[in-house]
Q: 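Pasting a structure below so you can have a look.
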Number of protein chains: 2
Amino acid sequence: MTLVDTVRRFNRSYTQRIGALEESFLGTGRPLGASRLLFEVGPDGAAVRDLRERLDLDSGYLTRLLSRLADDGLVEVRPDPADGRRRLVTLTPDGQAAYRELNERSDSKARGLLEPLTERQRARLDEALGTADLLIRAATVHLRVVDPVTDAARTALGEYYAELDRRFPSGFVPEPRDDGAAALRAPSGAFVVAASDGAPVACGGVRRLDDSTGEIKRMWVAPDWRGAGLGARLLRRLEDEARRLGYARAVLGTNSVLTEALAMYGRVGYREIGPYLVDSPYDEVFFEKSLI
Amino acid sequence: MTLVDTVRRFNRSYTQRIGALEESFLGTGRPLGASRLLFEVGPDGAAVRDLRERLDLDSGYLTRLLSRLADDGLVEVRPDPADGRRRLVTLTPDGQAAYRELNERSDSKARGLLEPLTERQRARLDEALGTADLLIRAATVHLRVVDPVTDAARTALGEYYAELDRRFPSGFVPEPRDDGAAALRAPSGAFVVAASDGAPVACGGVRRLDDSTGEIKRMWVAPDWRGAGLGARLLRRLEDEARRLGYARAVLGTNSVLTEALAMYGRVGYREIGPYLVDSPYDEVFFEKSLI
DNA sequence: TCATATCTCTGACTTTAGTCAGAGACTTCC
DNA sequence: GGAAGTCTCTGACTAAAGTCAGAGATATGA
């Protein structure tokens, strides 16, 4: 049995049993679409725009769904003070109650399903689902080249810097004369962000070191995404970008504290070299790889 | 994060990504319902009755779906020769082709999804999904008391005997003077079958040994269902039945070849005892447990 | 053999889900 | 300040999915 068979077999048994979890949104007297929407609005509210994107709905259809929920007194729709074209949706107290009820139904259905399992089996299931979840998410992560000043890039870089600050014994302060933005974009550089469910989970960039050499900079993978091969995938993508920009060789420098990264560079074919032109005081270990 | 959370989290990410596998039944120019039906008919055909039950459809609705597929030349519906009220559905050659296409779409979608994973990750995913599949199926196995002459019971017993015959060095022949049927039913006995997706996956019975003692007989778990705690669950159910029938003690005899079973009896609280009244030449090891 | 039950089918619905074209209010960018 | 773009909403649709009440044919068990 191949993996594809396993996946399909699992899919069948899963959707028949647990998949019904989400259908338990039914039986609340509301059509499934309305319940899903209510759930997606959530206790913190959401912008109509985002709902449309997340649920992939037609704008007219969404408007109608929302106005039905509003008629039922479950949500409130009002203009976004920051941008008069947009509208924000929040749950009313009744809506909050309905939201909680959806969650409880879903929970109790899940509990009932797991009830026949022993403690040991539950632990095994927990681990298996956790692993499968991570890998499936990892497989569907979307890598794309973005400008380093976009929101996605800024968020990712922010988390990267914050982590360096936590992990370096002396903390980390981004170089003030940081030419990051300009160097990590065309025509001599690129910046790649990996996103899952809209949130950035990894990033990295290439910039010009000399005419034939691109330098990989600011590679970061979110902590709970490590061990899923995302780093290697991102690195290969950056090498592709570097090749496209005309570089024949990739180099990078890193800090010896970042042990996972060091091991990964080795696996992907990087070879340790002496220090090249350096501008970051944090780089201690250096690698290169031919792109030809 | 509790297991329920893991399940729900997994459910969300899974249905969004892989769940779409089944939706790939769309895009074949046929509505989802019709494709699902075509898939459920399958290459071997099916009875309309069973389709209605498996897909949980209204009879009128199903009739209409089927006649649409028949109009498109994909299926053929004709009376069941064995029962004039029923009708049987089979795929026409065109229907077979459409069926194969559905499968290919689903496969290639699954492959595309897994493509970014490395070999090692795929192996991990394969194992994780396999484990989760087994446990989820095990959790949703349905145990019920049936008469030992019903089809389900006969099938299960048949597989049990066949396995003993394979595993015992000298083979196994059911005792000819087998009073099985009569002894494993009320008022002094019971027979329990565990079924998953309609197929029996485990069985076992209790019969009277003396007024206060019930004997557990013919416990069997299908080979690919072992390690999922099904045996222990079945045994506990049989003890419940024995208690209900008024027994204060359960005993059982087994063969020392069946090592998994021996270990399981110990885990569930059975204690080895000397041979009690024996009528099976295959029983070598004996256990008892108080039911009070 | 007659009442009762089972199985499929038909007709007449309703609800849910979704699409499309454009109007109107507002922002943004030159 | 005006053109171009964004966001939401309305109206007018269509298709899919599902429900309900019976009719008619056949089987089953007393």
Side-chain angles (χ1 to χ4, degrees), chain A residues 15 19-20 22-41 45-72 74-90 147 149-151, chain B residues 15 19-20 22-41 45-72 74-90:
Chain A
T15 46
E22 299 305 308
E23 255 117 76
S24 69
F25 283 175
L26 277 167
T28 51
R30 246 181 303 286
L32 181 58
S35 288
R36 253 173 32 201
L37 178 55
L38 196 62
F39 189 77
E40 206 63 44
V41 171
V48 169
R49 222 202 91 82
D50 297 343
L51 292 172
R52 201 170 51 239
E53 194 170 304
R54 287 213 292 265
L55 294 168
D56 191 32
L57 293 175
D58 173 82
S59 64
Y61 184 34
L62 177 56
T63 300
R64 252 174 289 257
L65 280 176
L66 279 172
S67 57
R68 217 182 312 163
L69 287 179
D71 287 351
D72 291 352
L74 299 175
V75 303
E76 220 172 341
V77 184
R78 53 183 204 305
D80 183 342
D83 182 338
R85 293 167 303 180
R86 302 191 182 186
R87 318 202 72 196
L88 300 176
V89 191
T90 46
D147 193 281
V149 300
T150 53
D151 276 1
Chain B
T15 45
E22 300 303 311
E23 256 118 75
S24 68
F25 284 174
L26 277 166
T28 52
R30 246 183 301 288
L32 180 58
S35 288
R36 251 173 34 199
L37 179 55
L38 196 63
F39 189 77
E40 206 63 45
V41 171
V48 169
R49 223 202 90 83
D50 297 343
L51 293 172
R52 201 169 50 238
E53 196 170 305
R54 288 211 293 265
L55 294 168
D56 191 32
L57 293 176
D58 174 82
S59 64
Y61 186 33
L62 177 55
T63 300
R64 251 173 290 255
L65 280 176
L66 280 174
S67 57
R68 217 182 312 164
L69 287 179
D71 287 350
D72 291 351
L74 299 176
V75 303
E76 218 172 344
V77 184
R78 54 185 202 302
D80 184 341
D83 183 338
R85 293 168 301 182
R86 302 190 183 188
R87 317 202 73 195
L88 300 176
V89 192
T90 48

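Residue numbers start from 1 in every chain, and the chains themselves are labelled A, B, ... in the order their sequence lines are given, proteins ahead of strands.
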Q: Nearest heavy-atom pair of Leu88(A) and Pro81(A): which atoms, and what distance?
A: CD1-CD, 4.1 Å

Q: Calculate the interatomic distance between Arg85(B) atom CZ and dC7(C) atom P; express it in whole Å.
A: 6 Å

Q: Identify all side-chain donor-acceptor contacts of residues 48-58 of chain A below 3.5 Å with residues at least two apart in sequence or on another chain.
A:
| unit_1 | atom_1 | unit_2 | atom_2 | d |
| --- | --- | --- | --- | --- |
| Arg49(A) | NH2 | Glu53(A) | OE1 | 3.2 |
| Arg54(A) | NE | Glu40(A) | OE2 | 2.8 |
| Arg54(A) | NH2 | Glu40(A) | O | 3.0 |
| Asp58(A) | OD2 | Gly60(A) | N | 2.9 |
| Asp58(A) | OD2 | Tyr61(A) | N | 3.1 |

Q: OP1 or OP2 of dC7(C) less than 4.0 angstrom from a side-chain nitrogen or oxygen of Arg86(B), does that happen here?
A: yes

Q: Do any of residues 45-56 of chain A sit with a heavy atom less than 4.0 Å from DNA chain D, and if so which?
A: Val48(A), Arg49(A), Arg52(A)

Q: Listed in order of residue number, which residues of residues 57-68 of chain B have a non-hydrogen atom at under 4.0 Å from DNA chain C?
A: Ser59(B), Gly60(B), Thr63(B), Arg64(B)

Q: Using five pairs at either end of the helix from dT1(C)-dA30(D) to dC30(C)-dG1(D), determine the angle between the two local helix axes and round it to 10 degrees.
A: 30°

Q: Could I get the full list of salt bridge (Lys or Arg N to Asp or Glu O under 4.0 Å) partners for Arg86(B), not counting sequence neighbours?
A: Asp83(B)

Q: Let's go through Arg30(B) and Leu38(B) carefully: what are the C-alpha distance in whole Å and the side-chain angles of both, what is the deciding distance for side chain to side chain contact (heavy atoms under 4.5 Å, CB included) to 0.1 Å, and is it a yes or a no?
A: CA-CA 10 Å; Arg30(B) 246 183 301 288; Leu38(B) 196 63; 4.2 Å; yes

Q: Hey, where on DNA chain D does chain B first and last touch, going 5' to 3'? Cut-off is any atom under 4.0 Å from a heavy atom.
A: dA16(D) to dA27(D)

Q: Going by the rule side-chain hydrogen bond (donor to acceptor under 3.5 Å, both in side chains), which residues pair with Arg68(B) if we only count those two or more places apart in sequence or in a different chain?
A: none

Q: Thr90(B): what forms a side chain to side chain contact (heavy atoms under 4.5 Å, CB included) with it, not counting sequence neighbours?
A: Glu76(B), Arg78(B)

Q: Could I get the full list of side chain to side chain contact (heavy atoms under 4.5 Å, CB included) partners for Asp72(B), not counting sequence neighbours?
A: Leu74(B)

Q: Check each residue of residues 75-83 of chain B for a non-hydrogen atom within less than 4.0 Å of any atom in DNA chain D, then write out the ones that pass by number, or none.
A: Asp83(B)

Q: What distance separates Leu32(B) CG from Leu37(B) CG, expressed to the nearest 0.5 Å?
A: 11.0 Å

